[in-house]
2 protein chains.
Amino acid sequence: MPTLDDVARAAGVSKSTASRALSRPALVAPETVLRVRQSAERLGFVPNRAATALARGRTGIVAVVVPTLENAFFTPIIGGAQHRAAESGLQLTVVVNALRDDSDLDSLTQLSAQVDGFLLTAPLGSESRTLAACQLKPTVLVDREIAGVSSVIADTATAFAAVARHFIRDGHQRIALVGGSNRSWQNEQRIAAVRAATAGLAELAIFDPMPPTFAAGTEIAPALAESGATAVIPYATALGLGIVFALGARGVAVPDGMAITIERQVAAALGLTTMPTIDVDGAELGRTAMSALHDLMTRDTAETAARLRLPVPVVFPPGG
Amino acid sequence: MPTLDDVARAAGVSKSTASRALSRPALVAPETVLRVRQSAERLGFVPNRAATALARGRTGIVAVVVPTLENAFFTPIIGGAQHRAAESGLQLTVVVNALRDDSDLDSLTQLSAQVDGFLLTAPLGSESRTLAACQLKPTVLVDREIAGVSSVIADTATAFAAVARHFIRDGHQRIALVGGSNRSWQNEQRIAAVRAATAGLAELAIFDPMPPTFAAGTEIAPALAESGATAVIPYATALGLGIVFALGARGVAVPDGMAITIERQVAAALGLTTMPTIDVDGAELGRTAMSALHDLMTRDTAETAARLRLPVPVVFPPGG
DNA sequence: ACCGGTTGCGCAACCGGTTGCGGTGACAGT
DNA sequence: ACTGTCACCGCAACCGGTTGCGCAACCGGT
C-alpha cells in the first residue's frame with residue numbers, strides 16, 4: 001500500500017504539501033495540486049483512515065442505531081442513510097440497540113468513543129436515558145422528538161388522522177387502531193392524532209400493542225372482527241397483511257366487511273383499489289436524517305436543533 | 001477522554017506496561033495488571049480505536065456486504081453477524097453492493113483499505129470478479145461457494161429437494177419452482193437439486209426469476225394457476241405469501257388446490273398445518289460466517305478454505 | 001561471591017496522516 | 001537598491017497506542 005510519503009516523493013513535494021493538495025487544495029498552487037493528484041492516482045493511493053482519524057481527532061464513522069432489524073420499516077432508512085453517508089465520505093456502522101435499559105446506554109457510551117455521530121432511530125427508552133445518549137455525540141433522532149435535539153420524523157400521525165377522517169366521511173362509526181410498542185413515541189403521536197380526528201364523530205378502538213409482523217396480524221384479526229369496528233388502521237405493512245388475510249379466512253371481506261389502509265404497493269397487489277394508501281418513504285427519511293447529521297457535525301457553532309417533519313402522502317381512491 | 005498515559009500515570013507504571021497489561025496481560029506481573037486495570041476502570045478509559053488501528057496495522061472493522069436490503073433474508077444474517085462480531089471486539093459496517101459490475105468491485109477495493117475482512121453475502125457477480133474481491137482481504141462467502149474461498153451456506157437446495165420428494169410421495173405430478181435472480185448461485189443449486197429429485201418422478205415447471213416480494217407473488221400467481229402444477233416451492237417468504245393470497249383471490253385454495261411450502265411461522269399464521277415448512281436460521285448463518293471469518297483473520301497460516309453447510313430443517317406435517 | 005537464566009519493566013521508535021509555524025522567493029511600491 | 005506583502009511550501013511536532021530491544025533485579029546452583 002502506497003503512503004502519502006510515496007505520493008509526495010513521486011510528485012516531488014513534501015508530505016505536508018501532498019496532504020494539503022489532497023484535502024485542502026485551496027492552500028496549494030493549482031499546478032502542484034494537479035501533480036500530486038496524478039501521482040496519487042497513478043500509485044493507487046488510498047488514505048489510511050486510522051491515521052487520518054488519529055490526526056484529525058475524528059473517525060469519519062457514524063452509527064445508525066435501530067431498535068430491531070425485524071421490522072422492515074428500518075431497512076430502507078439504513079439504505080438511505082448509507083447512501084447519503086457515502087456521498088459525504090462517511091462510513092456507517094449499523095447497531096441494534098433499543099436504548100431500553102441502562103446497559104444499552106452503556107454500550108452506546110462505549111461506542112461513542114469510536115464514532116463522530118449518531119442516528120438514533122425510534123429509540124424506545126425513557127426520555128432521560130435517550131437524552132443522555134444524545135449528548136454523547138452529535139445526534140439526530142429519527143421518528144422521535146425530544147426538546148433540544150435535532151430530529152427528523154415521518155409524519156404518520158397526520159397521515160393516520162387524514163385516513164381516519166376519510167373513513168368517517170365514508171360513514172364508518174367505529175374505527176380501530178392497531179399500534180406498536182406503547183413505549184414508542186410515534187405510537188403516542190398517532191393515537192393522539194387519530195383520537196383528535198375521531199373525537200365526537202366516531203368511536204375509536206385502540207388495540208393492544210402488536211409486533212409489526214404478519215403473524216401478529218392474523219392473531220389480532222378475530223378480536224378485530226368482534227370489536228364492531230368497520231375500518232382499521234394498522235401501523236405496519238406486514239401486520240395489515242396478516243389482518244387482511246385472517247379476516248378473509250373468517251369470511252370477512254376487505255374492504256366491504258372491513259375497510260383498511262395499507263402501503264400502496266401492497267394494496268395494488270391485493271387489488272384493494274378503493275382503499276386509502278399510506279406511503280412512508282423510508283429511504284428519504286434516512287437520507288434526510290443523515291444530511292441533518294452531517295450539517296450538525298460540520299457546523300462549528302451549536303445552533304438551535306432542527307426539527308424536520310416529512311409529510312407522509314395519503315392517497316385516496318379516485319372518486320372515494 | 002483519558003488516554004493510556006493517564007492510566008499509566010495513575011497506576012504508577014509506564015505507558016508500555018499499561019498497554020501490555022491491558023492487551024497482553026501474560027507479559028506483565030499479575031499484581032501490576034490488577035493495578036492498571038483498576039486505574040483504567042476508575043478513569044473510564046476507552047482505548048482510541050484509531051490509534052490502535054494505526055499501531056497494529058489493522059482496524060478491527062469487518063464489512064458485511066449484502067446485495068440488497070430489500071430482501072428480508074439478509075437482515076437476520078446481519079443481526080447474527082453483528083452479534084458475533086461484537087463478542088470478538090470487532091466492529092461491523094454494512095455495505096450494500098451486489099458486485100454486479102466493475103465499479104462495484106472498485107468500491108470494494110477502496111473499502112478494503114479500511115477493513116480487516118469481508119463477509120460477502122450472496123454476491124451476484126461473475127466468479128472471476130467475485131474471486132478478485134475475495135482476494136482483497138480475508139473473506140468468507142455466505143450463500144455462495146467458490147473454489148479456494150471459505151464459505152458458509154444454508155443448504156436450501158437439499159431442503160427444497162426434500163420438499164419436492166415429499167410432494168411426489170403425496171401424489172403430485174407437476175411441481176413448480178419459483179426462484180430468484182438467475183445470476184444467483186443458490187438459485188442454480190436449488191434448481192439442480194430439485195431437478196434431480198423430481199427426475200423421472202414428476203414434471204418440474206421452473207418459473208422466471210422473481211423478486212422476493214409480496215407483489216411478485218401476486219403477479220406470478222395467475223401463471224402458476226394455469227401451469228397445471230399442483231404444488232409450488234417459492235424461494236422467499238413474502239413471495240410465497242403473495243402466491244397464497246392471489247391464488248385464494250382466484251378461488252384456488254391452499255393447500256387443496258395448490259400445495260406450497262413456506263416458513264414455519266407464516267404457515268402457522270396462515271393455518272397451513274398440513275404443509276411442509278422450511279426454516280432458514282439467518283441469524284445462525286450470520287453468526288457462523290462471522291466466526292469463520294474471525295478464525296480466518298486470527299489464524300496466521302493460510303490453511304485450506306473451510307466450506308460449511310448449515311442444514312436447513314424441513315418439517316413435514318404430522319402424519320404427512 | 002560468581003554466573004547463566006528468567007522475569008518485569010521502561011525507553012524510544014514506530015504506524016501514517018495533519019497542521020502550526022517559520023522560511024523562501026517573487027513581486028510591487030517608494 | 002531596500003523593504004513590506006503575499007503566496008507557496010517544508011520542518012517537525014503532534015494524535016494515542018504498540019512493540020523491539022535492553023537494562024536491572026532476582027532466582028537457584030556451584
Side-chain angles (χ1 to χ4, degrees), chain A residues 1-37 39-40 43-61 89-91 110 112-116 298 300, chain B residues 1-37 39-41 43-61 89-91 110 112-116 297-298 300:
Chain A
M1 280 271 100
T3 73
L4 191 60
D5 258 325
D6 300 328
V7 174
R9 206 166 353 221
V13 298
S14 76
K15 191 166 68 149
S16 20
T17 300
S19 170
R20 281 188 277 256
L22 294 176
S23 52
R24 299 164 64 186
L27 299 180
V28 175
E31 189 267 347
T32 308
V33 170
L34 190 64
R35 254 196 358 266
V36 173
R37 282 199 180 140
S39 311
L43 296 176
F45 170 72
V46 179
N48 181 320
R49 283 239 175 198
T52 307
L54 184 57
R56 286 218 256 244
R58 39 202 169 79
T59 60
I61 301 178
L90 292 169
Q91 225 174 123
Q110 287 282 98
S112 73
Q114 308 158 24
V115 301
D116 292 345
T298 52
D300 38 344
Chain B
M1 281 269 98
T3 73
L4 191 60
D5 259 325
D6 301 328
V7 174
R9 207 167 353 224
V13 296
S14 77
K15 189 165 68 148
S16 19
T17 300
S19 169
R20 279 189 276 256
L22 294 177
S23 51
R24 299 164 64 184
L27 299 181
V28 175
E31 189 267 347
T32 309
V33 170
L34 191 64
R35 254 197 357 266
V36 172
R37 282 203 180 135
S39 312
E41 176 72 24
L43 296 177
F45 170 72
V46 179
N48 181 321
R49 283 239 176 199
T52 307
L54 186 57
R56 285 220 255 246
R58 39 204 167 79
T59 60
I61 302 178
L90 292 169
Q91 223 174 125
Q110 288 280 97
S112 72
Q114 308 158 23
V115 301
D116 292 344
M297 283 165 38
T298 52
D300 38 346

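In what follows, every chain begins at residue 1, and chains take the letters A, B, ... in the order their sequences are listed. Just the heavy atoms: all of them, side chains too, but no hydrogens, waters or symmetry mates, feed the values below. Keep in mind it's a predicted model, so treat the numbers as computed, not measured.
For the pair B/Thr17 and A/Pro47, both in contact range of DNA chain C, the more 5′-proximal nearest nucleotide belongs to B/Thr17. For B/Ala29 and A/Thr3, each mapped to the nucleotide of DNA chain C holding its nearest heavy atom, the one lying further toward the 5' end belongs to B/Ala29. If you find the closest nucleotide of DNA chain D to A/Leu27 and to B/Lys15, the one lying nearer the 5' end belongs to A/Leu27.
Among the atoms of the strands shown, only primed sugar atoms or phosphate atoms (P, OP1, OP2) are found under 4.0 Å from some heavy atom of B/Arg24. Among the protein residues, B/Ser16 comes within range of the nucleic acid bases, having at least one heavy atom under 4.0 Å from a base atom.
The distance from atom CD of B/Gln91 to atom CD of A/Gln91, rounded to the nearest 0.5 Å, is 9.0 Å. For the atom pair CG of B/Leu54 and CZ of A/Arg49, the computed distance is 14.5 Å after rounding to the nearest 0.5 Å. With rounding to the nearest 0.5 Å, the separation of OG in A/Ser19 from CG in A/Leu27 is 10.0 Å. Note that the CG atom of B/Leu43 and the CZ atom of B/Arg9 stand 10.0 Å from one another [nearest 0.5 Å]. Taking OG1 of A/Thr52 as the reference point, atom CG of A/Leu4 lies at 9.0 Å (rounded to 0.5 Å). Remark: B/Gln114 CD to B/Thr59 OG1 distance equals 8.5 Å, nearest 0.5 Å.
The nearest whole Å value for the distance from the CZ atom in A/Arg58 to the C1' atom in C/dT19 is 13 Å. Between the CG atom of B/Leu22 and the P atom of D/dG16 there is a distance of 16 Å, rounded to whole Å. For the pair A/Leu43 CG and C/dG16 P, the interatomic distance rounds to 15 Å; values are reported in whole Å. Atom CG of A/Asn48 is separated from atom C1' of C/dG17 by 8 Å (rounded to the nearest Å). The CZ atom of B/Arg49 sits 16 Å away from the C1' atom of D/dT18 (whole-angstrom rounding). For the pair A/Met1 CE and C/dG16 P, the computed distance is 11 Å after rounding to whole Å. Between the P atom of D/dG16 and the CZ atom of B/Arg56 lies a distance of 17 Å, rounded to the nearest Å. Between A/Leu4 atom CG and C/dG16 atom P the separation is 11 Å, expressed in whole Å.
With a 4.5 Å cut-off on side-chain heavy atoms, B/Met297 and B/Leu90 count as touching.
At the phosphate of D/dG10, OP1 or OP2 sits under 4.0 Å from a side-chain N or O atom of A/Ser14. Applying the 4.0 Å criterion to OP1 and OP2 of C/dG17, one finds that A/Ser19 has every side-chain N and O outside that range. Residue A/Thr32 places none of its side-chain N or O atoms closer than 4.0 Å to OP1 or OP2 of D/dC8. The side chain of A/Arg20 contributes no N or O atom lying less than 4.0 Å from OP1 or OP2 of D/dC8.
With a cut-off of 3.5 Å on both pairing distances, the Watson-Crick or G-U wobble partner of D/dT30 is C/dA1. Remark: D/dT5 base-pairs with C/dA26; criterion is Watson-Crick or G-U wobble with both hydrogen-bond distances under 3.5 Å.
When the salt bridge (Lys or Arg N to Asp or Glu O under 4.0 Å) test is applied to B/Glu31, the partners found at least two apart in sequence or on another chain are B/Arg35.
Within residues 5-13 of chain A, no residue has any heavy atom under 4.0 Å from DNA chain C.
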